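Both counts, for ligands and for their atoms, begin at 1 and track the order of listing. Computation of the quantities below employed the complete heavy-atom set of this structure, encompassing side-chain atoms and omitting hydrogens, waters and symmetry-equivalent molecules. Treat the numbers as computed from the prediction; the structure is a model and nothing was measured.
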Amino acid sequence: MILREDDTLHEECGVFGIYGDPEAAEKTYLGLYALQHRGQESAGIASSDNEIIHLHKGLGLVWSVFSDPDTMPMLQGNAAIGHNRYSTKGANDLVNAQPISIECKAGKIAVAHNGTLTNAQELRRGMQNKGSIFQTTSDSEIILHLIACSRETNIVDMLRDGLNKIVGAYCFVLLTPEKMIAVRDPNGFRPLSLGKVGDAFVVASESCAFDIIGAEYIRSISPGEIMVIDSRGISSTMLPPAPKKSFCIFEHIYFARPDSFVFGEKVDKVRRSLGRELAREVPVDADITIAVPDSGNTAALGYARESGIRYEIGLIRNHYVGRTFIAPHQNKRRLDVRVKLNPVSGVVRDKRVVLVDDSIVRGTTMRQIVQLLRSKGAKEVHVRISSPPIKHPCYYGIDISNKDELIAGSQSVADIQAYLEADSLAYLSIEGILKTVQEKNQYCTACFAGNYPTLIPQEFDKFSF
Ligand code: SF4
């Protein structure tokens, strides 16, 4: 039986692109490796040798998709784009792996997308009614159809024309034989940064992908910016601005790697501040602070520092357990957490424990962790969460499509505490998370407050196509 971990939030996707490097595909491979946490279902690279776009993609982790030594030499050229996918829209089939490549009147184009388009269903229906034939069930293909149908005559204007019709969250990296184009939606939901290595320019969802290839971080690509990189250098134009910027606060809380810069801020610094703010808002008398590894590590350090309650490593994570686990028998849920996490009994025995994590989705995993800590002799378990309760679905690229999947969608904090069998449970407030970032008014908090910054679809289903 193959079990999927279903009690965590799933990252959206990771995108990478490089222009002007003779080892463009190799560097893209390394960049995707650094961005593996953003998507594990499929990976792909498209490269350009100024005439042809070469493409290889497959299901699985980056190393397995490119494990055949004959693959990389085929990805020739000085420019390449890459993609790691987690499917927030469309099934996990090879046909939906990215980059997606087409040839139209604008020439050859490949695209990699991070985010989710909220008007994808109506756009697709409209285009199908006019005769368009889609290759995939992913919303990312829509931009290629819009480019192909544009009456403009050059690729940048055709792209702009298409972008003016779409709503939602997107960072696109496109490759043509001569250009690489990076775009971020006007709300700025997902992060996209610009870097440089030697004479080559690099773009990536997170700056950890720059470090692995020795590239230097230059800046965050602005919301609404269309950046064109070609033999003449960099040029940018802007899409019409959104009424309000809406950076995804969950990038800082959980998705992005702590060693990355996103939205122009160091993730590690923001995440520690979340822990500090949590300790200030909802203190508790206890002997030790422990994290749910790895997601709670950095916030737990901040909590311990602010509260003065000693940080200990009280749970050990088995790093060799992937996102799927082959279970030898039916007792799956209980086994699932024990395979992944084990308490250190010498650390937790007879202790009042503060247990810090970044979020609670269904609560099933947290309930088992609390039980495990008690079984190893913990005297009290106080759960502290470095984000507010997640009550609403996300339509912008995170896999929370149904309120029923969220324990806080229907239950009070007191009810959740009772379900977890914890001695106390407290979350950080929305005001608390916003204190930890510089541009407080430019963040999306819709999954906590329901205050969506764009029109949202009437029906939303990741398999709707
Ligand atoms: Fe991020 Fe939540 Fe907004 Fe989605 S709804 S973009 S997860 S803050």
Side-chain angles (χ1 to χ4, degrees), residues 6-15 37-39 86-89 113-120 139 166-172 184-192 205-206 220 223-224 242-257 260 262-265 267 270-271 274 277 295 299 357-362 385-409 427-457 460-462:
D6 60 357
D7 194 22
T8 55
L9 295 175
H10 294 298
E11 301 85 346
E12 344 70 89
C13 292
V15 293
H37 59 290
R38 297 183 74 88
Y86 174 77
S87 54
T88 51
K89 197 87 178 150
H113 172 209
N114 173 202
T116 299
L117 309 181
T118 51
N119 63 340
D139 62 337
I166 61 179
V167 183
Y170 56 84
C171 286
F172 288 117
R184 192 164 161 221
D185 70 69
N187 288 87
F189 285 106
R190 301 281 144 233
L192 190 63
S205 299
E206 292 180 37
S220 184
K244 185 182 170 301
K245 308 274 190 305
S246 320
F247 310 156
C248 173
I249 193 70
F250 249 110
E251 294 282 350
H252 283 305
I253 294 168
Y254 170 64
F255 298 126
R257 269 178 38 170
S260 284
V262 299
F263 308 131
E265 297 206 49
V267 176
V270 173
R271 211 166 278 175
L274 290 165
E277 197 54 40
S295 51
D357 203 358
D358 63 288
S359 56
I360 295 177
V361 184
R362 291 171 195 259
I385 302 298
S386 61
S387 67
I390 308 170
K391 296 181 176 175
H392 305 276
C394 173
Y395 301 102
Y396 308 118
I398 306 303
D399 195 15
I400 323 172
S401 56
N402 190 337
K403 208 170 168 165
D404 301 340
E405 294 171 3
L406 302 167
I407 191 168
Y427 293 82
L428 187 56
S429 67
I430 294 179
E431 298 71 35
I433 48 170
L434 294 178
K435 275 186 199 164
T436 65
V437 288
Q438 284 164 17
E439 298 178 285
K440 301 179 190 346
N441 299 324
Q442 306 207 336
Y443 277 85
C444 175
T445 55
C447 50
F448 311 126
N451 52 343
Y452 295 101
T454 66
L455 283 176
I456 54 170
F460 188 81
D461 175 356
K462 86 184 230 185

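Ring geometry for Phe189 versus Tyr396: interplanar angle under 30°, hence parallel rather than tilted (30 to 60°). In this pair, Phe247 and Tyr443 present their aromatic rings perpendicular. The plane angle is above 60°, beyond the 30 to 60° band. Under the 30°/60° scheme for interplanar angles, the aromatic rings of Phe263 and His252 are found to stand perpendicular.
Around atom 1 (Fe) of ligand 1, the protein N, O or S atoms closer than 2.8 Å are Cys248 SG, listed by chain and residue number.
With hydrogens and angles ignored, the 3.5 Å screen pairs a side-chain donor or acceptor of Lys440 with a backbone N or O of Val437. Remark: the backbone N or O of Ala120 is not paired with any side-chain donor or acceptor of Asp139 at under 3.5 angstrom.
For His252, the closest heavy-atom approach to ligand 1 does not fall below 4.0 Å.
Near Arg190, the atoms of ligand 1 lying under 4.0 angstrom from a non-hydrogen atom of the residue are 6 (S).
In terms of heavy atoms, Pro389 sits closest to Phe448 at O-CD2, 3.5 Å.
With sequence neighbours excluded, the residues that form a salt bridge (Lys or Arg N to Asp or Glu O under 4.0 Å) with Glu277 are Arg280, Lys435.
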